[in-house]
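Report on one structure; see the data block that follows.
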Amino acid sequence: MSSASASPIQDGGGGGAVPRHVAIIMDGNGRWASRRLMPRIAGHRAGMEAVRRTIQSAGTLGIEALTLFAFSSENWRRPAEEVRDLMGLLRFYLKREIKELDRNNVRLHLIGDWRRFDADLVRDLEQAVARLSGNGGLQLTIALNYGGQDEIVRAAQAIVADGLAAAEVDAAAIEQRLDTRGLPPLDLLIRTSGEARLSNFLLWQAAYAELLFTDVLWPDFDAADLEKAVIAFGQRERRYGGR
Ligand code: FPP
């Protein structure tokens, strides 16, 4: 194989490198709030401020792509009031931050089955994606109504719909039909709040990602925590099954 290969195996990792693509399971908003005797929505609001800080820090650190798990396909099981609050917060965030994101040259992608949200929110999301579509800086992806198994199932359905023969189905055929197509390979997946699970996030993409679990609750996550994670990534040796 040529050393100029674009394979994920050659891309971004180890030896002090900055990860090209970082994903985060933003966990612990509820516990952050309950420790302060506050309602859960207060934790989500504080989580929104952590989103803002993390996007800024990712740009500063030279990370190319940042993917955030904001609403899972399982989050519908939460009380209707909390689901409504989360949707409201997302609309508020888009309205408040869009100018700043644009000024910072951030491009927005959405992954998951987000078109099933209420029509107003879908419209706001589409407008935000369109407004930021010409930007060439940080590639921000927000996972909304996202489940990793669902994403793989939809990719398999697309393969059938495209009429591929069995012999034509390989990893590239699947990757080209995942919601994350076009993004750099995932290098580092962070989960906050001390839980050590993937919870159906980026199951395919995490195959060779470095995993980092921190006890910090998401609303407390700041620039120093992201920098620590990037440094830890740079110290890991990535072998992709080799020696
Ligand atoms: C998990 O914490 C967090 C969520 C389900 C929602 C994440 C949402 C935000 C960070 C705010 C808005 C997002 C954007 C992109 C503007 P949890 O509620 O499960 O916490 P717990 O495990 O402590 O109960």
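Whatever order the structure lists them in is the order used to number ligands and atoms, beginning at 1.
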(request) Kindly say whether Arg20 contributes a backbone atom to a donor-acceptor pair with the side chain of Asp187 at under 3.5 angstrom? (result)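 Answer holds: yes.
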(request) Measure from the side-chain N and O atoms of Arg53 to the backbone N and O of Ala223, and report whether any donor-acceptor pair falls under 3.5 Å. (result)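 Side chain of Arg53 to backbone of Ala223, a donor-acceptor pair under 3.5 Å: no, none is there.
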(request) Decide whether the shortest distance between a heavy atom of Ala70 and an atom of ligand 1 is less than 4.0 Å. (result)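 Judged by the 4.0 Å heavy-atom criterion, Ala70 does count as contacting ligand 1.
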(request) Could you tell me whether ligand 1 has any atom less than 4.0 Å away from a heavy atom of Leu68? (result)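 Judged by the 4.0 Å heavy-atom criterion, Leu68 does not count as contacting ligand 1.
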(request) Check whether any side-chain heavy atom of Arg45 sits under 4.5 Å from a side-chain heavy atom of Met38, and report yes or no. (result)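 Side-chain contact under 4.5 Å: no.
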(message) Using side-chain heavy atoms (C-beta onward) and a distance below 4.5 Å, is Leu202 in contact with Ile111?
(response)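 Leu202 vs Ile111: side chains touch.
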Atoms of ligand 1 less than 4.0 Å from [X] heavy atoms?
X: Trp218; result: 10 (C)
X: Arg40; result: 17 (P), 18 (O), 24 (O)
X: Tyr93; result: 16 (C)

(request) Taking the six-membered ring for Trp and the single ring otherwise, decide whether the centroids of Trp76 and Phe71 are under 6.0 Å apart. (result)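 Under 6.0 Å, so yes.
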Nearest to [atom], what protein heavy atom do you find, and at what distance?
atom: atom 20 (O) of ligand 1; value: Gly30 N, 3.0 Å
atom: atom 11 (C) of ligand 1; value: His44 O, 3.6 Å
atom: atom 9 (C) of ligand 1; value: Asn29 ND2, 3.7 Å
atom: atom 5 (C) of ligand 1; value: Asn75 OD1, 3.7 Å
atom: atom 12 (C) of ligand 1; value: Leu89 CD2, 4.3 Å
atom: atom 1 (C) of ligand 1; value: Met26 O, 3.2 Å

(request) Could you name the option among Arg31, Arg78, Met48 that has the heavy atom nearest to atom 19 (O) of ligand 1? (result)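 Of the listed residues, Arg78 has the closest heavy atom.
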(request) Kindly compute the distance separating CE (Met48) from CH2 (Trp218), expressed to the nearest 0.5 Å. (result)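 Output value for this atom pair is 12.5 Å.
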(request) Say whether His21 and Gln139, considering side chains only, have a donor N or O and an acceptor N or O under 3.5 Å apart. (result)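 Side-chain D/A pair, His21 to Gln139: absent.
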(message) For Trp32, does the six-membered ring have the charged nitrogen or CZ of Arg36 within the cation-pi criterion, i.e. under 6.0 angstrom from the centroid and within 45° of the normal?
(response)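 Geometry flag: set, cation within 6.0 Å and 45°.
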